[in-house]
Amino acid sequence: VQLQASGGGSVQPGGSLRLSCAASGFAFERLSVGWFRQTPGNEREGIACVGESGDDTYYEESVKGRFTVSRDNAKNTVYLQMDSLKPEDTAVYYCATASGYGYGAICLTLEPGHGSWGQGTLVTVSS
């Protein structure tokens, strides 16, 4: 599976952005997908993950109620709607997937070097 993340940019605090993760290759609809973010000096962390059908989701505590992960299997795309953005949301955002991982496992255990990762997209939240 090849993934391509897009949609990053600069936004003021309180603003919104929607990231997209377009997939090609292996049967995308059979895979859970996750969004991760990383800031300099810190490990990449899973923040929002979605199951194969889109019905099951996991959110890291700091983004609950502000971010929404969804997918459109007909378009082989997963989205991350980010609302009420804060300066601490500034990071490089990545999408990733791996065969045999459930949505929770992707967010909590998937690490770079395993599975398939898209290139990062930078989100900057600043006034």
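Note that the coordinates shown come from a computational prediction; the quantities given were computed from them, not determined experimentally.
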Discussion item. Once salt bridge (Lys or Arg N to Asp or Glu O under 4.0 Å) is applied, do any residues pair with R66, and if so which ones, sequence neighbours excluded?
Written reply: D89
Worksheet entry | Results of salt bridge (Lys or Arg N to Asp or Glu O under 4.0 Å) for E61 - residues two or more places apart only | K64
Response to the item:
Those residues at least two apart in sequence (or on a different chain) that pass side chain to side chain donor-acceptor pair (under 3.5 Å) with E43 are none
Fill in: Reference residue V78; test side chain to side chain contact (heavy atoms under 4.5 Å, CB included); the match among L19, L31, V69
V69
Mind checking whether [X] and [Y] have side chains closer than 4.5 Å, heavy atoms only?
X: Y79; Y: T68; answer: no
X: V92; Y: Q119; answer: no
X: V33; Y: F28; answer: yes

Discussion item. I'd like to know if the side chain of S16 pairs up with that of D83 as donor and acceptor (distance under 3.5 Å, no hydrogens or angles considered).
Written reply: yes
Practice prompt. Quick one: sort the Y93 and F67 rings into parallel, tilted or perpendicular, breaks at 30° and 60°.
Written response: tilted
Worksheet item: Is F36 reachable from L3 through a run of I, L, V, M, F, W or Y residues, each pair having side-chain heavy atoms under 4.5 Å apart?
Response: no
Fill in: Same cluster (ILVMFWY, side-chain, under 4.5 Å), W35 and W117
no
Item to complete: Taking atom CD of E29 as the centre, report whether more than 12 heavy atoms of other residues, nucleotides or ligands fall under 6.0 Å from it.
Response: yes
Kindly compute the distance separating [atom1] ([X]) from [atom2] ([Y]), expressed to the nearest 0.5 Å.
X: R30; Y: T97; atom1: CZ; atom2: OG1; value: 13.0 Å
X: R37; Y: L80; atom1: CZ; atom2: CG; value: 9.5 Å
X: L108; Y: E60; atom1: CG; atom2: CD; value: 10.0 Å
X: S116; Y: L110; atom1: OG; atom2: CG; value: 9.0 Å
X: S62; Y: K86; atom1: OG; atom2: NZ; value: 7.5 Å
X: T109; Y: Y101; atom1: OG1; atom2: OH; value: 5.0 Å

Discussion item. Give me each pair satisfying disulfide bond (SG atoms under 2.5 Å apart) with a member in residues 93-127, each pair once, sequence neighbours excluded.
Written reply: C21-C95, C49-C107
Worksheet item: Shortest non-hydrogen contact from T39 to A91?
Response: CG2-CB, 3.7 Å
Worksheet, complete the sentence: What one should report as the nearest heavy-atom pair of A98 and G115 is CB-CA, 3.8 Å
Response to the item:
Sequence neighbours excluded, the answer for side-chain contact (heavy atoms from CB on, under 4.5 Å) partners of S10 is T124
Response to the item:
Residue set satisfying side-chain contact (heavy atoms from CB on, under 4.5 Å) with S32, at least two apart, ordered chain then number -> E52, Y103, I106
Worksheet item: Do R44 and Y94 meet the cation-pi criteria used here (NZ or CZ under 6.0 Å from the six-membered ring centre, within 45° of the axis)?
Response: yes
Worksheet item: So N73 and K75, side chain to side chain contact (heavy atoms under 4.5 Å, CB included) or not? Walk me through it.
Response: CA-CA 5 Å; N73 286 340; K75 295 182 178 179; over 6 Å; no
Discussion item. If we ignore hydrogens and angles and just use 3.5 Å, is the side chain of T90 paired with the main-chain N or O of V125 as donor and acceptor?
Written reply: yes
